[in-house]
Structures are given as structure tokens and as C-alpha cells.
Visitor: 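Below is one structure. I have some questions about it.
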Amino acid sequence: LKIALATALVAGAIVAWPNISIPQEADASTQTAFIAKLVKGAQTNERKTGIPASVTIGMAALESGWGRSTMATTVPATKTADGKKHTVNTLFNIKCGKTPSPHQTGCVPVRTAEYRKDGSKYYIVDEFRTYAGWGDSVLDYGRLLTSLSRYASAFDYTDYPDQFVIQVHRGGYATDPTYATTVIGIMKKYDLYRYNVSGA
């Protein structure tokens, strides 16, 4: 699985995945364990928001390197701007905004790559939301997609997970042109559709 250091539009600002190592490949046991760990939370999120569980799991797998990125667990002190070790537990790398989420435990300053319109890369230190566990990260992701109008069109396709991902991508979730096709590829390869509460 190739993880592109692509940018994402989250909470109104262009966001890049933090400058934290993300493993490029995961063995079958890692993938199976990751999916099993997320199913219940993804299904709870689907019942609450309408976001297909397959989409949540597929996006989380891509963005967290199957749960093995340091942002999905604990960021070492050498990677943070404040020189402290932080437990982050984020699967979606959502930046902190002016209004805290009820699901986050705090923020962590991490050096991150950003991209200009011409494609050139530069680095800044930005604050990313931290969580008590992956379940809260999933709930916050659901809150993000349901609260921003630019993702509203995706919710016309809650019974069509592939199109849901495409619409989220079109809404500005990620500027990587392969983002939607990569997530859909993960959903198909691991038959994540079977976990959808709606049966979609």
C-alpha cells in the first residue's frame, strides 16, 4: 500500500499528513487485526452519521498505515515541537481548530509538510487533535464529515460506499488525485462492504 504524503482539507484549512513515518506495507495479520479493532466503532459511527463502515475503515487504513503510524499511537518527543512524547491515537490526522471537539483530549504540535498550489512543499509546525483511543478518533471523523457543508453531497450516497468516498474527495478531503481510488481499492480488496450496517 502506497501512502502518499498528500494534503487534505480539514476544518477549513489545507492539512498535510504529519511528518511522521507511516509503514508502507502491512502483513495479513496486521490488516485483519486492524479491521477487527475498528468494526464496532465504524458501525456505531454509521448508525449515528450514515457514513458507511467500509468507508471509515478504508480511509483509516490508508491514513494510518493500518494503525501502525506513530500518529495512530504515540508520537516520540523527537518528532514534536515541544520536545515531549504524546499519546495521539488519531486515525485521520485532524488539525486542532478554534473550537475544540468534544471527542479530543488535547492537541499535539507536530512538524508537518504542506503544499503550495504549484506543488512545492514546505514545513510548518501545526497542532493535531489527540484522543483517548481510536474510538474517539472515529467519532470525531464522523463529526467532521457531518458538520461541514462541503461534504454534504456524500450523504446522498450512503448506500453507495464507493461514490461516498468519491464525493468526500471532491469535497476537498484530500488533494492527492489517487486518494479515492486507493480507498476504494482497499474496500474492495478486503471486502469491507460486509461490515456496513445498511448492507450497502
Visitor: Atom OG1 in T90, atom CD in Q104: separation rounded to 0.5 Å?
Guide: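 Output value for this atom pair is 10.0 Å.
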Visitor: Find out whether V138 and L38 are in side-chain contact, i.e. whether some heavy atom of one side chain is under 4.5 Å from a heavy atom of the other.
Guide: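 Heavy-atom side-chain distance check passes, below 4.5 Å.
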Visitor: Are the ring centres of W66 and Y190 closer than 6.0 Å?
Guide: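 Aromatic pair counts; centres sit under 6.0 Å.
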Visitor: What pair of heavy atoms forms the shortest contact from C96 to G106, and how long is it?
Guide: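 That would be SG-O, 4.1 Å.
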Visitor: For the CG atom of D126 and the SG atom of C107, what is their distance to the nearest 0.5 Å?
Guide: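 D126 atom CG to C107 atom SG measures 9.5 Å (nearest 0.5 Å).
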Visitor: Supply the atom-to-atom distance R111 CZ to T80 OG1, rounded to the nearest 0.5 angstrom.
Guide: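 It is 12.5 Å, given to the nearest 0.5 Å.
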Visitor: For residues S120 and D118, is any side-chain donor paired with an opposing acceptor at under 3.5 Å?
Guide: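 Per modelled atom types, S120 and D118 side chains form a pair under 3.5 Å.
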Visitor: Assess, by modelled atom type and distance only, whether the side chains of T49 and T146 contain a donor and an acceptor separated by less than 3.5 Å.
Guide: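 Judged by distance alone, the side chains do not pair up.
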Visitor: P52 versus Y195: any side-chain heavy-atom pair under 4.5 Å?
Guide: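 P52 vs Y195: side chains apart.
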Visitor: Please report the closest heavy-atom contact between I51 and G142, naming both atoms and the distance.
Guide: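 What the structure gives for the nearest pair is CD1-CA, 3.7 Å.
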Visitor: Sub-3.5 Å donor-acceptor pair from the side chain of S69 to the main-chain atoms of G65, do we have one?
Guide: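 Between the backbone of G65 and the side chain of S69 there is no qualifying donor-acceptor contact (under 3.5 Å).
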Visitor: Testing Y151, F155, Y157 for ring-ring contact (aromatic ring centres under 6.0 Å, His included) with F164, which one passes?
Guide: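 Single pass found, and it is F155.
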Visitor: For a 4.5 angstrom cut-off between non-hydrogen side-chain atoms, does R143 reach H103?
Guide: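 Side-chain contact under 4.5 Å: yes.
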Visitor: Hydrophobic clustering (ILVMFWY, side-chain heavy atoms < 4.5 Å, transitive) - are L139 and I94 grouped together?
Guide: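 In one cluster with I94: L139, no.
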Visitor: Going from NE2 on H169 to CD on Q163, what distance comes out if it is rounded to the nearest 0.5 angstrom?
Guide: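 Output value for this atom pair is 12.5 Å.
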Visitor: Would you say that R68 contacts T30 through its side chain, given a criterion of any heavy-atom pair below 4.5 Å between the two side chains?
Guide: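 Counting from C-beta outward, R68 and T30 do come under 4.5 Å.
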Visitor: Using side-chain contact (heavy atoms from CB on, under 4.5 Å) as the criterion, point out the one residue from I57, T56, V55 that pairs with M59.
Guide: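 With M59 as partner, side-chain contact (heavy atoms from CB on, under 4.5 Å) holds for just one option, V55.
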Visitor: With side-chain hydrogen bond (donor to acceptor under 3.5 Å, both in side chains) as the criterion, how do D140 and S101 come out once you've worked through the C-alpha distance, each side chain's angles and the decisive distance to 0.1 Å?
Guide: CA-CA 7 Å; D140 202 28; S101 161; 2.5 Å; yes
Visitor: Enter the distance from N196:CG to D159:CG here, rounded to the nearest 0.5 Å.
Guide: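 Taking CG in N196 and CG in D159, the distance rounds to 9.0 Å.
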Visitor: Search all heavy atoms of I186 against all heavy atoms of G58 and return the closest pair with its distance.
Guide: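 Heavy-atom minimum between the residues: CD1-O, 3.9 Å.
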Visitor: Taking the side chain from D136 and the backbone from Y131, do they hold a donor-acceptor pair closer than 3.5 Å?
Guide: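 Side chain of D136 to backbone of Y131, a donor-acceptor pair under 3.5 Å: no, none is there.
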Visitor: Decide yes or no on side-chain hydrogen bond (donor to acceptor under 3.5 Å, both in side chains) for Y179 and E63, but give the supporting numbers first.
Guide: CA-CA 10 Å; Y179 185 86; E63 294 187 37; 2.5 Å; yes
Visitor: Give the minimum heavy-atom separation between S153 and Q167, together with the two atoms involved.
Guide: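 Closest approach of S153 to Q167: OG-NE2, 3.0 Å.
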Visitor: Within the 4.5 Å heavy-atom criterion, are T181 and I184 side-chain neighbours or not?
Guide: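 In short, these two side chains do not touch, never coming nearer than 4.5 Å.
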Visitor: Heavy atoms only: give me the nearest M187-D162 pair and the separation to one decimal.
Guide: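 Looking at all heavy atoms of both residues, the closest pair is CE-OD1, 3.4 Å.
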Visitor: When the aromatic ring centroids of F92 and W134 are compared, is their separation below 6.0 Å?
Guide: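 That pair fails the under 6.0 Å test.
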Visitor: Rounded at 0.5 Å granularity, tell me how far CD1 in I166 sits from OH in Y160.
Guide: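 I166 CD1 to Y160 OH: 13.5 Å, rounded to 0.5 Å.
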Visitor: Can you see which heavy atom on L192 is nearest to which on S54, and at what distance?
Guide: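 Heavy-atom minimum between the residues: O-CB, 3.4 Å.
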